[in-house]
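Inspection log for the structure reproduced underneath, given as structure tokens.
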Number of protein chains: 2
Amino acid sequence: MDALAGLAQANRLEIFRLLVQRGPGGVRAGEIASTLGLAPATLSFHLSALRHAGLIECEAAGRERIYRVAFEHMHALVDYLTENCCGGADCHPANQRRSA
Amino acid sequence: MDALAGLAQANRLEIFRLLVQRGPGGVRAGEIASTLGLAPATLSFHLSALRHAGLIECEAAGRERIYRVAFEHMHALVDYLTENCCGGADCHPANQRRSA
DNA sequence: ATTATATTTCGATTATTCTGGAAATATGGA
DNA sequence: TCCATATTTCCAGAATAATCGAAATATAAT
């Protein structure tokens, strides 16, 4: 639920998608701010929300901080949404698409 | 983004998950209200949000209304989250899990 | 037609979240 | 040490969202 709330805000969703697209290398906070045009305090607020939601991780590198997606958690979220779909039985065909 | 905002609220997430678990048969508004203990006006507010987000659909049946998950849209949302992951290249292993 | 049931809309209040300036913290370089 | 840069925390105001009583709407039953 925190994860969904994390992504429910336009700025946070943009941050998250930027990080998803950049992959494991991550992105510096400052670069996120300039890319998305956010004030430092505002960015920090949202990064904090995403971090508490478990959706992103942070690594210190000197005086910079590098943020990246927590990929495992991202997939857990995706699975959560379809959990116990249709009570497990006689499931709608569309829901078979992803079964492992 | 509307879809994520739709699921970002505790009551709405519970509604959605109830509908996911019940599957294509759907659930009457009144039953949702009594199951989750929501006032009629509050439930209606949230159902409306979920409907505008495209996450659920509504079918009239006499004076009752039956809500069900919009399964196609649910899957589109799930795909959206991982779209263009890692810029398409040198993707983190965890993201291969679901590739069709 | 009248009454009962199911649900939505309206409206006002309350609660929560977002925003960004300014100050604080932390690191690096001269 | 002193100054510059990167980021966060603090705080207060602004914006948005949630809640629910009451009224409205729609259908069904008698």
Side-chain angles (χ1 to χ4, degrees), chain A residues 1-20 22 24-70 77 81, chain B residues 1-20 22 24-70 77 81:
Chain A
M1 164 57 205
D2 271 358
L4 288 162
L7 296 175
Q9 207 275 336
N11 286 332
R12 281 199 297 271
L13 182 57
E14 286 192 60
I15 294 166
F16 182 78
R17 277 166 62 78
L18 174 63
L19 295 184
V20 166
R22 289 301 193 81
V27 186
R28 281 185 310 110
E31 188 181 347
I32 302 172
S34 61
T35 301
L36 302 182
L38 296 176
T42 303
L43 176 65
S44 201
F45 170 81
H46 289 307
L47 286 174
S48 175
L50 287 167
R51 214 146 62 83
H52 281 108
L55 286 164
I56 65 175
E57 292 161 352
C58 175
E59 176 197 352
R63 61 185 155 185
E64 304 181 340
R65 272 156 205 262
I66 298 176
Y67 286 90
R68 78 186 86 251
V69 170
L77 167 63
L81 289 177
Chain B
M1 165 57 206
D2 272 358
L4 288 161
L7 296 176
Q9 206 275 337
N11 286 331
R12 281 199 297 272
L13 182 56
E14 285 192 60
I15 294 167
F16 182 78
R17 278 166 61 79
L18 175 62
L19 294 185
V20 165
R22 290 301 192 84
V27 186
R28 281 185 310 108
E31 188 182 346
I32 302 172
S34 62
T35 301
L36 302 181
L38 296 175
T42 302
L43 175 65
S44 201
F45 170 81
H46 289 307
L47 287 173
S48 175
L50 287 168
R51 214 146 61 84
H52 281 108
L55 287 164
I56 65 174
E57 293 161 350
C58 175
E59 177 198 351
R63 63 186 153 183
E64 304 180 341
R65 272 156 206 262
I66 296 174
Y67 285 89
R68 77 186 88 250
V69 170
L77 167 64
L81 289 177

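All figures in this text were calculated on a predicted structure; none of them were measured in a lab. In what follows, chains carry the letters A, B, and so on, assigned in the order in which the sequence lines appear, proteins first and then strands, with residues in each chain numbered from 1.
Formation of a donor-acceptor pair under 3.5 Å by the B/Ser44 side chain with backbone atoms of B/Pro40 is not found in this model. The main-chain N or O of A/Gly30 is found under 3.5 Å from a side-chain atom of A/Ser34 such that the two form a donor-acceptor pair.
Scanning both residues, A/Glu57 and A/Ala70, for their nearest heavy atoms gives OE2-CB, 3.7 Å. Summarising the geometry of B/Gly6 relative to B/Arg12, their closest heavy-atom pair is O-NE, 2.7 Å, with the distance given to 0.1 Å. A/Leu7 and A/Leu13 make their closest contact through O-CB, 3.7 Å (heavy atoms, listed as atom of the first residue, atom of the second, distance). Nearest heavy-atom pair, A/Arg22 versus A/Val27, reported as atom, atom and distance to 0.1 Å: CG-CG2, 3.5 Å. Across every non-hydrogen atom of A/Cys58 and A/Arg51, the tightest pair is CB-CD, 3.7 Å. Nearest heavy atoms, B/Ala8 versus A/Ala5: CB-CA, 3.7 Å.
The nearest whole Å value for the distance from the CG atom in A/Leu43 to the P atom in C/dG21 is 14 Å. One can place CD1 of B/Ile32 at 13 Å from C1' of C/dA6, the figure rounded to the nearest angstrom. Rounded to an integer number of Å, the gap from CG of B/Leu50 to P of C/dT8 is 12 Å. For B/Glu59 and C/dT8, the CD to P distance is 14 Å, given to the nearest whole Å.
Atoms CZ and CG, from A/Phe16 and A/Leu47 in turn, are 13.0 Å apart once rounded to the nearest 0.5 Å.
A 4.5 Å side-chain heavy-atom check between A/Asn11 and A/Leu36 finds every atom pair outside the cut-off. Side chains of B/Leu19 and B/Leu55 form no contact here, defined as non-hydrogen atoms less than 4.5 Å apart.
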Which atoms of nucleotides 28-30 of chain C (N or O only) lie under 3.5 Å from a protein N or O atom, and what are those distances?
none

Could you list all N or O pairs between the protein and nucleotides 16-20 of chain C that sit under 3.5 Å apart?
residue : atom : partner : partner atom : Å
C/dC18  : OP1  : A/Arg12 : NH1          : 3.2
C/dC18  : OP1  : A/Arg12 : NH2          : 2.9
C/dC18  : OP2  : A/Arg12 : NH1          : 3.2
C/dT19  : OP1  : A/Asn11 : ND2          : 2.9
C/dT19  : OP2  : A/Asn11 : ND2          : 3.2
C/dT19  : OP2  : A/His46 : NE2          : 2.3
C/dG20  : OP2  : A/Thr42 : OG1          : 3.0

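The 5' end of DNA chain D is approached more closely, in terms of each residue's nearest nucleotide, by A/Ile66 than by the other of B/Pro40 and A/Ile66.
Dashed line: the shortest gap from a side-chain N or O of B/Tyr67 to OP1 or OP2 of C/dA6 is not under 4.0 Å.
Contacts between chain A and DNA chain D, taken as any atom within less than 4.0 angstrom of a protein heavy atom, begin and end at D/dA4 to D/dT9.
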